[in-house]
Amino acid sequence: MVRMVRHRIQGSRSDEQAHLHFALTRLKVAWRTLERAELEVLLRHLLMAEHRCTLHRHVVPERPTNRWLLPRLRRRRQTVARRLVARGGRVSPMALKHALPRGKDWPGLAALVGKQVWAPADRRSAQRIPRSPPPERLAA
């Protein structure tokens, strides 16, 4: 029985390493020169990697990797999604949001990118939201 437990722990470590390698290789892609079809594939891969990094109810979190990897994946996903919309691709507005849906709200990759998107985002909704100016300090 002890050997089985050790085997599970070793298997989970290799899964974590595989997820980390998958995410890091997607972050290294030179996405600015990709065509529309290649951007769709990259966006799907980024969505998968980010979905694996987010906390789930019955999954042990992969810490501390998520602390520095998740924000980078999120930023790249939003940037690639905006670029894909600008190139005429079909992207769901959920893929442009800050946080992806989790749990029962997760629609799947097919509903977020590609031909099966129900209500694709248009160029206007994919633009960056301007930040509000910082509040002015009162003189003492």
*Asks:* Can you give me the closest heavy-atom contact between R26 and H45, atom names plus distance?
*Replies:* NE-ND1, 2.9 Å
*Asks:* Answer yes or no: is there a side-chain heavy-atom contact under 4.5 Å between Q78 and H98?
*Replies:*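 Answer yes - side chains close enough.
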*Asks:* With side chains defined as the heavy atoms from C-beta onward, is the minimum distance between L69 and L27 less than 4.5 Å?
*Replies:* yes
*Asks:* Minimum heavy-atom separation for E35 and R87, please, with both atom names.
*Replies:*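 Closest approach of E35 to R87: CA-NH1, 3.8 Å.
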*Asks:* NE2 of H51 to CG of L46: how many Å apart, nearest 0.5 Å?
*Replies:* 14.5 Å
*Asks:* Does any part of the side chain of W106, heavy atoms only, come nearer than 4.5 Å to the side chain of L112, both counted from C-beta?
*Replies:* yes
*Asks:* If the condition is side chain to side chain donor-acceptor pair (under 3.5 Å), which residues does E50 pass it with, not counting sequence neighbours?
*Replies:*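 Partners of E50 by the side chain to side chain donor-acceptor pair (under 3.5 Å) criterion, ordered by chain and then number, come out as R77.
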*Asks:* What's the separation between atom CZ in R76 and atom CG in L43, rounded to the nearest 0.5 Å?
*Replies:*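 Going from the CZ atom of R76 to the CG atom of L43 covers 12.0 Å.
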*Asks:* Should V80 and L24 be counted in the same cluster of Ile, Leu, Val, Met, Phe, Trp and Tyr side chains packed under 4.5 Å apart?
*Replies:* yes
*Asks:* Is there a side-chain contact between V113 and S92, using heavy atoms and a 4.5 Å cut-off?
*Replies:*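 V113 does not reach S92 side chain to side chain.
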*Asks:* Where is the tightest heavy-atom contact between W31 and L42, given as atom of each residue plus distance?
*Replies:* CB-CD2, 3.5 Å
*Asks:* So which atom in L100 and which in M94 form the shortest heavy-atom distance, rounded to 0.1 Å?
*Replies:* CD2-O, 4.1 Å
*Asks:* Answer yes or no: is there a donor N or O on one side and an acceptor on the other, between the side chain of E40 and the main chain of A37, under 3.5 Å?
*Replies:*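 No: the side chain of E40 does not pair with the backbone of A37.
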*Asks:* Quick one: pull up OG1 in T79 and CG in L84 and give me the separation to the nearest 0.5 Å.
*Replies:*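 Separation between the atoms: 12.5 Å.
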